[in-house]
Amino acid sequence: MKTEKGNPDISIGYACLAVGVPNTEQRSCILKNATGEKLAEIIGHNLDALEKIMEYNSRNGIRLFRISSDLIPFGSSPVNQLDWDRMFERRFQAIGGQIRTGGIRVSMHPGQYTVLNSPDPGVVERAVDDLRYHCRVLSALGADASAKIILHVGGIYNDKKTAVKRFTTNWRQLDDGIKRRLVIENDDKCFNIADILEISAATGIPAIYDNLHNAVKPADPAADDLYWIKECAATWSAGDGAQKIHYSQQNPNKKPGSHTGTIAIDGFLDFYRRIDGRCVDIMLEVKDKNLSAVKCILCTTPVRQIRNIETEWGRYKYAVLERSPSAYSRIRELLKDKSGYPAVEFYRLVEEALGSEITAGNAVNAAQHVWGYFKDIADAKEKQAIEKDLALLAGSQSSSAAIKRKLWKLAVKYNSAYLLDSLYFIL
DNA sequence: TGACGTCAAGATCCG
DNA sequence: CGGATCTTGACGTCA
């Protein structure tokens with residue numbers, strides 16, 4: 001099966017939220033405000049947002065996406081008594097239809113606080129409730145068994161053997177509906193990938209390999225990523241869909257295990273080349289989410305259409321200009337040849353630019369470019385406000401935050417679709 | 001008891 | 001009063 005964009009054998013995706021995509025923000029509430037009315041309102045909003053995210057995913061050839069556990073506020077808590085899958089049945093079905101039409105594979109990932117192997121029966125009970133909740137979301141969407149729920153094994157409690165035993169015992173008691181979706185992943189503290197494979201061998205649960213967790217807590221320093229990916233491949237059966245792995249890079253300025261702001265393209269391509277040809281879905285874990293997913297897809301897809309790079313350039317343009325006029329002009333040169341497909345070179349320059357500091361002069365220059373969209377249509381008051389902010393910015397008396405806010409309002413008011421998608425306002 | 005991770009909501013302060 | 005900035009929430013484990 002060939003789709004418009006992307007290698008049909010490898011899907012690359014991102015988790016939970018779409019950076020810089022309008023109207024995709026998830027909402028939440030705190031416990032004391034969680035009335036039925038409030039919860040229903042937030043669920044409705046979050047489903048609208050999810051629908052927008054799926055539209056974005058389809059438009060951008062993204063065929064792998066993790067749905068946020070916060071889609072339904074207090075989804076696994078008795079505080080939320082709503083029959084939400086019935087109440088919003090049509091909405092779920094519509095989004096499920098989008099997912100299937102887009103050929104998108106979805107998953108969910110309960111956080112570090114869902115602990116199936118806890119010695120505390122109350123904690124286990126809540127973990128089971130939480131798994132049931134995640135299952136309920138995926139079932140409401142009509143997703144098949146390839147839509148997985150990714151779980152960590154839990155804690156050690158001074159006795160790893162017993163902790164593993166408790167995990168498998170509790171796993172056996174889960175409903176079949178949960179079991180068919182549940183997969184386990186190595187973590188960076190307690191259970192390394194060899195532990196996961198052992199549990200997998202004993203239970204048949206598919207194993208997810210996370211490269212960064214393994215780098216922090218290696219099972220065997222002599223074994224490389226490909227070795228573990230091959231080992232995990234054998235744990236995935238036909239009904240499970242393609243093997244899934246997690247890929248991320250270490251943020252050099254933060255503690256071991258912390259993700260980077262963006263996926264550095266050269267590091268990713270090194271990794272990708274080593275696993276190319278394997279039928280693997282890659283979930284990226286990174287702060288800039290969809291931006292890195294699009295980057296990695298465009299740099300690996302056999303469908304090499306320069307207009308897809310140009311679309312991304314349109315979004316990055318002013319964020320690049322604000323940091324590096326030099327990279328800006330080099331990218332313009334790069335994209336002049338319409339017969340080429342310089343995706344990797346493009347992203348290298350974007351990474352170089354986004355890694356640069358914003359100077360006052362460059363901030364003024366970029367703001368003036370954006371202001372150019374409005375200077376002839378704005379009213380006198382708007383003009384005066386922008387002129388004032390430009391002067392402050394030029395004299396280093398303010399950051400670009402104030403003028404960006406005003407320019408964003410103008411983009412909304414005059415409905416400039418091009419600028420509403422611009423990362424100038426986001427990065 | 002606080003750190004861990006994660007994101008918005010909520011709270012507070014400012015002009 | 002709108003907007004900027006700081007704090008809290010919600011979860012379980014472990015030092």
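In what follows, chains are A, B, ... by sequence order, proteins preceding strands, each numbered from 1.
Residue H152(A) contributes atom NE2, which lies 17 Å from atom P of dC4(B) at whole-angstrom precision. Remark: P of dT13(C) and CG of D188(A) are 17 Å apart, rounded to the nearest angstrom. Atom CZ of F191(A) is separated from atom P of dG12(C) by 17 Å (rounded to the nearest Å). The CD1 atom of I72(A) sits 17 Å away from the C1' atom of dC7(B) (whole-angstrom rounding). Rounded to an integer number of Å, the gap from CG of N117(A) to P of dT13(C) is 8 Å. Atom P of nucleotide dG5(B) and atom CD of Q112(A) are separated by 8 Å, given to the nearest angstrom. Atom pair L71(A):CG and dA8(B):P shows a separation of 14 Å (rounding to whole Å applied). Atom CG in N158(A) sits about 11 Å away from atom C1' in dT13(C), given to the nearest Å.
Residue Y157(A) has no polar side-chain atom (N or O) positioned under 4.0 Å from OP1 or OP2 of dC14(C). The shortest distance between the side-chain N/O atoms of K32(A) and the OP1/OP2 oxygens of dA11(B) is below 4.0 Å. For the OP1/OP2 pair of dG10(B) and a distance below 4.0 Å, the side-chain nitrogens and oxygens of N33(A) include at least one atom meeting the criterion.
Side-chain to base pairing of Y113(A) with dG5(B): one donor and one acceptor N or O lie within less than 3.5 Å of each other.
Picking from dA8(B), dC14(C), dG12(C) the nucleotide with the shortest atom distance to the side chain of I156(A) gives dC14(C). Proximity note for L31(A) (side chain, C-beta onward) versus dG5(B), dA10(C), dA8(B): the nearest is dA10(C). For V123(A), whose side chain is taken as the heavy atoms from C-beta onward, the closest listed nucleotide among dG10(B), dA9(B), dG12(C) is dG12(C).
Looking at R27(A) and E41(A), a side-chain N of the basic residue comes within less than 4.0 Å of a carboxylate O on the acidic one, giving a salt bridge. In summary, R126(A) and D129(A) do not engage in a salt bridge, as defined by a charged side-chain N under 4.0 Å from a carboxylate O. Note on K375(A) versus E382(A): no salt bridge recorded, every NZ/NE/NH1/NH2 to OD/OE distance being 4.0 Å or above. Looking at K295(A) and D288(A), no side-chain N of the basic residue comes within less than 4.0 Å of a carboxylate O on the acidic one, giving no salt bridge.
Here the closest heavy-atom approach between residue I265(A) and residue R348(A) is recorded as CG2-CG, 4.1 Å.
To the nearest 0.5 angstrom, C296(A) atom SG is 5.0 Å from L284(A) atom CG.
The nearest heavy atom of DNA chain C to G154(A) and to K409(A) marks one nucleotide each, and the one closer to the 5' end goes with K409(A). Annotation: of the two residues near DNA chain C, R126(A) and A402(A), the 5′-most nearest-nucleotide partner is A402(A). The residue among K289(A) and K255(A) whose nearest nucleotide of DNA chain B lies closer to the 5′ end is K255(A).
Contact annotation for G155(A): backbone-only contact, meaning every heavy-atom pair under 4.0 Å involves sugar-phosphate atoms and none involves a base. S118(A) comes within 4.0 angstrom of sugar-phosphate atoms only, judged by non-hydrogen atoms across all strands, and of no base. D70(A) comes within 4.0 angstrom of nothing in the nucleic acid, heavy atoms only. Contact annotation for K189(A): no contact, since no heavy-atom pair falls under 4.0 Å across all strands.
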